[in-house]
Q: 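One structure, pasted below without further comment.
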Amino acid sequence: MLYQIILSGLTVGAIYALIAIGFTIVFSTVRIVNFAHGEFVMAGGMIYAYLSAVHGMPVFPAVAIAIGACVVLALLVYELGLASMDKDNHIAQVMITLGVGITLKGLAQIFIGKDTQFPPAFSAGGPLAVGGATIPYQMLWIVGALAVLMLGLYMLLHHTRVGKGMMAVSINHYAATLMGISPRRSAVIAFMLAGLIGGAAGTLLAPVASAHYDNGIFLGIKGFAAAILGGLGSPLGAVVGGLILGLTESVTAGYISSVYKDAVSLVLLLAILLIRPQGLIGKRLPQKF
Amino acid sequence: MTLTSDRKLTIALLVALPVAAALTDNAFYKAVLVFGMINAVAAVGLCLMLGFAGQISLGQAAFYGLGAYGTTLMASRFGVEPVLAIAAGALLSMAVGWSISRPLSRLHDHYLAMATLAFGIIMFIVFANARSLTGGLDPGTSIAKFSIMGRDLSSMNQLFWVVWVGLVLAAFVAGNIASNQIGRSLLAVKMSAAAAASVGIDVVRAKAFVFAIGALLTGLSGGLYAYFARSFNATSFGIGYSIELLMMVVLGSLSRVSGAIVGAFIITVLPVVFENFEDYKTLTFGVTMVIIMKYMPSGLVDGILGLPGRLSRRAKA
Amino acid sequence: MLAIRNLNKRFGGLHALRDVSIDAPPGQITAVIGPNGAGKSTLMNVISGFISPDGGSITVAGTPITGMKPHEICRQGLARTFQNLQMFSDMTVLETVITGRTRHRRASLVANLLMTPRVWHDEKDAAQHAQTLLETMQIGPSYWQRRAGDLPYGLQRRVEIARALATEPAYMLLDEPAAGLNDEESVALGSTLRELAGRGIGIVLIEHDIELVMNFSRHIFVMDAGGVIADGTPEQVRSKPEVVKAYLGDEHGA
Amino acid sequence: MVSKHGLSSQLSRARLALAAVALAATMGVHAQDVIKIGAIYAASGPLSLMGVPEERGLRMKVDEINKAGGINGKKVELIVYDSEGNTAKAAQQARRLIESDKVLAILGPSSSGESLQILPIANESRIVLIAHAGTEKMTNPVTSWVFNTPPTDRVVAAHLLSVFKKRGITQLALMSAADGFGQSGANAVKELAPKYGVTVARHEEFNRTDPDMTAQVLKVKDSPAQAMLVWSSFPAPTIIAKNAAAVGYNKPMYNSYAAASKDLLVQAGPAAEGSFVSSMRLLAPDTLKAGDPLRTAVQKIYNDYRAKYNEQPATFVAHSVDAMSIVEAAIKKINGPVTRENLRASMETVTHAGGNGIFRLSPTSHGLDPESQSMLLMVARGGQWVADE
């Protein structure tokens with residue numbers, strides 16, 4: 001039983017991690033928490049469900065279109081909503097992402113509908129038995145996608161010009177501008193990446209947990225919690241945060257109390273923040289006077 | 001002294017409310033006004049925390065709930081006079097606000113946002129499951145009609161005045177804070193904690209104070225809500241309300257007490273107006289919010305007054 | 001006397017302060033100079049309580065303040081300014097300086113919440129006092145209602161000094177107050193500081209502007225690599241070879 | 001200065017103007033010619049699972065009435081608000097329907113929490129409220145103006161518990177959603193279980209939208225419980241069915257009526273096979289015997305709904321259709337003007353065989369007749385729900 005609970009917790013944690021990475025990438029470059037991110041995840045799942053259930057499209061084209069649509073959505077969110085805002089007015093920017101989130105929810109409700117949908121899993125069959133425990137195939141896809149994504153991000157951030165530029169912007173906006181790196185371009189790329197990752201997370205998650213226009217907030221909060229737990233701005237932190245969150249929830253539900261599983265995991269989060277106010281892997285910005 | 005212009009606007013709003021109420025016999029419009037004022041009391045609390053001291057709270061609904069449940073418990077279990085029950089609920093909320101402020105004072109920005117969000121969710125779970133105290137999510141709890149010294153004051157007209165007095169009190173205290181050294185200390189903590197400390201302001205104590213007063217006002221609002229709703233359950237105190245409060249404060253104007261009141265009415269009234277759009281109401285609401293924040297990033301009050309940015313109020317001092 | 005004895009501070013491998021001992025008497029300008037990275041800013045932050053020292057002691061007029069929090073140190077009569085400006089940007093200039101009076105306000109919390117006549121009276125007094133200080137710092141009334149963050153850099157520095165003065169300090173730590181000022185402004189600043197010292201305030205000046213230091217301070221401490229390598233009057237310091245080598249020589253040579 | 005007299009005369013003038021506008025507005029819609037009915041449904045939000053079919057059912061019934069020429073020659077005009085499942089919002093909407101829209105009666109809302117908040121408002125404003133709430137508190141004790149159409153959660157729980165008793169299930173594991181719907185059901189089951197000799201050996205909760213409930217399922221599997229009862233709306237029942245299949249849970253699974261729809265079968269596929277659901281008759285219109293008085297009513301709702309919306313009706317459809325049918329019957333019985341007071345009095349004389357069962361309304365009964373046998377046990381066989389009694 002313990003083995004299965006840990007395995008389930010880690011796979012759910014992988015989902016939270018996928019969502020958290022989207023928060024963290026936008027935060028690194030734009031320094032705001034994108035409250036619309038949960039809605040990107042929702043949109044990915046909804047569009048995938050719509051294409052496959054209503055139009056009978058095969059899995060992978062439908063997934064590709066759903067993810068593509070999320071990238072475009074994310075780009076629009078940045079260009080129409082945030083691009084021209086005062087960079088230092090964080091709270092106004094956060095409110096815009098909140099408004100955009102509500103807008104996306106409204107759009108999904110109108111164009112796709114209000115039904116709860118379970119689109120098909122990426123591959124048939126399953127679950128896979130792993131030494132006394134089982135894991136659904138779709139969860140393997142999720143874990144695999146997380147691994148591929150982390151590898152891809154690492155390559156992007158450390159081995160490409162674009163990625164290095166984003167890293168520079170995340171460390172120091174001003175200096176990056178002096179070096180000829182455009183914070184705006186980095187922001188565009190960050191948002192597109194967030195759309196890509198969020199959309200992918202949505203399509204991966206929907207066959208397991210359903211797609212519904214109202215799920216964005218729930219998913220967003222879990223992802224945000226994971227990102228904060230690990231330390232905002234660090235993709236590795238997002239993964240660690242996600243896995244810890246998923247594991248805590250699962251172990252609490254299995255051994256302590258399912259009623260208080262969210263409460264226990266959030267108390268743990270608070271406790272960690274009180275000891276490390278910058279999150280587990282986050283770097284503390286030095287104070288300068 | 002430096003906030004006289006906003007004080008005038010606040011007073012104008014407070015006076016306009018009874019006038020508006022007198023113009024209609026429609027109990028629904030009155031109920032909207034009353035609910036707007038209840039929200040405004042809570043928003044004024046958050047305005048002090050976020051607008052003045054820069055302490056974001058995404059767990060404000062917890063204080064709202066503490067006020068509502070505290071009031072209900074005092075009134076229903078111990079037969080306490082309603083006004084005193086509301087005071088007790090507000091004080092309970094204040095005590096909790098004060099006691100969480102110390103550990104939270106180490107956190108900043110997004111981390112504080114998450115921590116308060118977590119606090120809000122935890123409290124919601126407690127409200128939903130401490131059934132012997134709260135009645136949980138279903139069937140919830142209920143409270144007797146509002147009265148003073150045995151005199152029934154539960155009609156919408158009478159409740160209007162009760163809640164109005166609550167709002168006037170909240171605005172009076174918040175307006176005073178905004179225009180004296182307490183408000184300046186809070187602003188100082190928000191703008192530079194280091195500099196605030198360097199002029200002798202105890203930053204931790206200032207944060208504790210603002211959490212306490214913010215929780216007190218939001219708790220007061222919760223107590224008023226209990227008498228307004230009479231029957232309610234834990235769903236009223238979820239994250240949704242915390243986010244709505246945040247919208248009220250930011251949409252109105254972060255740096256003004258009047259902004260919180262205006263924002264509260266916008267967030268109370270807009271959904272009622274958009275109700276007629278049926279399926280399009282969520283979309284309309286979202287788009288409206290984006291447009292307001294994009295074109296009036298300092299909030300509607302500053303935007304409409306056409307003054308440049310959040311400091312405009314000071315230019316006239 | 002602001003007396004600093006054997007202060008030590010390590011950041012990991014870096015020995016940022018080693019056995020630093022400095023005396024700053026009241027009514028005098030005492031300067032601390034040294035090349036970048038000498039430990040001057042760390043010293044400031046340790047004295048004002050933002051960083052706790054690993055060892056050593058600090059006393060203000062005989063009262064030990066080591067280990068106190070920054071706001072407690074302020075209440076012991078020690079005020080400071082910041083190298084990287086720490087303005088209350090969204091306040092007006094006048095409000096900024098009034099905020100400096102916070103520690104001298106006596107009205108109770110409840111009186112403040114209710115805004116009793118006494119609080120109104122206090123507010124007026126504080127404003128009056130702030131205006132006087134602004135005039136002392138040569139900031140004219142036309143600036144008083146401007147947003148503090150919108151002022152030119154040099155003026156912001158002066159507002160910071162006025163804010164520190166509003167706490168009615170016995171000692172002031174000024175962290176590069178002349179940074180960004182032109183020669184003329186710098187000289188004017190020097191005269192103002194001398195006037196303040198004349199009122200009995202002990203001023204500790206950390207500065208890169210050698211002219212200012214040499215012309216206006218009574219005693220100079222020279223720091224390098226976390227330690228005090230020399231001290232004395234401007235003349236004495238100027239002539240010490242180790243100082244010239246470590247600091248002045250470089251500066252003048254450059 | 002405006003004198004006190006002057007101010008009040010100004011106010012009254014403004015009032016007069018407002019009244020004139022209001023009058024003009026009501027004249028515009030020919031107040032005499034229509035019957036205005038208000039409704040509050042959670043058409044979005046976590047309770048939309050109930051609110052959406054309820055609203056569709058109501059619109060279907062009203063269309064039918066209007067096509068047939070209305071009630072006593074008057075067309076029915078519907079005003080429906082979306083409460084999003086938010087109690088505060090629902091209460092405001094009730095006031096709006098009463099005061100601004102001036103409706104004759106209010107149907108809904110969907111959840112107990114919302115309904116309980118509106119209950120005192122309806123009684124004090126003196127307007128008929130026909131709620132669709134699961135809590136028996138709506139009609140027990142009976143209050144003058146408030147009616148309720150669904151079988152209460154106690155009725156549903158009692159039905160399931162009687163099934164357990166019959167099948168020798170004495171140890172039960174309860175899985176309920178951490179929301180109002182789940183809590184209400186769990187309360188009813190826990191309260192009534194001892195009466196049927198059933199022990200709740202395990203009680204686990206989950207968020208309706210959690211992506212995985214394996215931990216809870218494992219705890220149930222590990223317990224002495226002989227069966228699992230899931231009380232939640234979607235998507236949780238589907239996820240639990242899948243998780244249970246994955247970890248090899250092999251005891252019977254029962255679901256509340258919230259899962260009584262095609263969705264569970266489609267979404268969970270083989271994992272749902274063999275699971276039971278306590279449903280209202282609407283899911284299986286053919287299970288009623290030929291002579292059953294409910295048969296025609298249930299079949300009509302079922303067929304009409306399929307024809308209109310091209311899908312199977314969820315069980316909630318009957319709540320609103322029954323409510324509207326009762327209002328229709330009551331209005332027809334009114335002698336004299338159709339006022340709120342007359343409607344209320346007339347309501348208490350209506351007997352109606354509806355989709356949810358028999359209503360014998362009277363001053364002492366404002367809901368379903370307890371002997372209605374509203375509930376039916378169904379089992380998933382070969383991808384279909386079939387009656388299991």
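In what follows, chains carry the letters A, B, and so on, assigned in the order in which the sequence lines appear, proteins first and then strands, with residues in each chain numbered from 1.
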Q: Can you sort out the partners of A/Phe111 under ring pair (Phe, Tyr, Trp, His ring centres under 6.0 Å), two or more places apart, ordered by chain and number?
A: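 For A/Phe111, no residue satisfies ring pair (Phe, Tyr, Trp, His ring centres under 6.0 Å) once neighbours in sequence are set aside.
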Q: Write out, in numerical order, the residues from residues 264-271 of chain B with a heavy atom short of 4.5 Å from a heavy atom in chain A.
A: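 Near chain A, by residue number: none.
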Q: Of the backbone (N, CA, C, O) and the side chain (C-beta and beyond), which part of A/Leu269 lies under 4.5 Å from a heavy atom of chain B, both, or neither?
A: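 Contact with chain B is through the side chain of A/Leu269 alone.
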Q: Quick check on B/Ile100 against chain A: is it the side chain, the backbone, both or neither that has a heavy atom closer than 4.5 Å?
A: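 For B/Ile100, no heavy atom lies under 4.5 Å from chain A.
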Q: Let me know which of B/Phe119, B/Phe211, B/Tyr69, B/Trp98 forms a ring-ring contact (aromatic ring centres under 6.0 Å, His included) with B/Phe63.
A: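 That would be B/Phe119; it is the only one of B/Phe119, B/Phe211, B/Tyr69, B/Trp98 passing the ring-ring contact (aromatic ring centres under 6.0 Å, His included) with B/Phe63.
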Q: Under a 4.5 Å heavy-atom cut-off, does chain B meet the side chain of A/Ile275, its backbone, both or neither?
A: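 The backbone, not the side chain.
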Q: Is A/Ile32 in contact with chain B via its backbone, its side chain, both, or neither, using a 4.5 Å heavy-atom distance?
A: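 The backbone, not the side chain.
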Q: Of the backbone (N, CA, C, O) and the side chain (C-beta and beyond), which part of A/Ile110 lies under 4.5 Å from a heavy atom of chain B, both, or neither?
A: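 Contact with chain B: side chain only.
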Q: Could you tell me whether A/Leu247 atom CG has more than 12 heavy atoms of other residues or ligands within 6.0 Å of it?
A: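 Counting neighbours around CG of A/Leu247, more than 12 heavy atoms of other residues, nucleotides or ligands fall under 6.0 Å, so yes.
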Q: Got a sec, which pairs hit ring pair (Phe, Tyr, Trp, His ring centres under 6.0 Å) with one end in residues 261-282 of chain A, sequence neighbours left out?
A: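 Counting only pairs at least two positions apart or across chains, no ring pair (Phe, Tyr, Trp, His ring centres under 6.0 Å) contact touches residues 261-282 of chain A.
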Q: Given a strict heavy-atom distance threshold of 4.5 Å, which part of A/Leu80 is in contact with chain B: side chain, backbone, both, or neither?
A: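 A/Leu80 touches chain B through backbone heavy atoms alone.
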Q: Can you say whether A/Ile96 sits under 4.5 Å from chain B via the side chain, the backbone, both, or neither, judging by heavy atoms?
A: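 Answer is both: backbone and side chain atoms of A/Ile96 are under 4.5 Å from chain B.
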Q: Do any of residues 279-291 of chain B come closer than 4.5 Å to chain A, heavy atom to heavy atom, and if so which ones, in number order?
A: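 Within residues 279-291 of chain B, the residues under 4.5 Å from chain A are B/Asp279, B/Tyr280, B/Thr282, B/Leu283, B/Phe285, B/Gly286, B/Val287, B/Met289, B/Val290.
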Q: Can you tell me which portion of A/Met95 sits under 4.5 Å from chain B's heavy atoms? Options are side chain, backbone, both or neither.
A: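 Both the backbone and the side chain of A/Met95 come within 4.5 Å of chain B.
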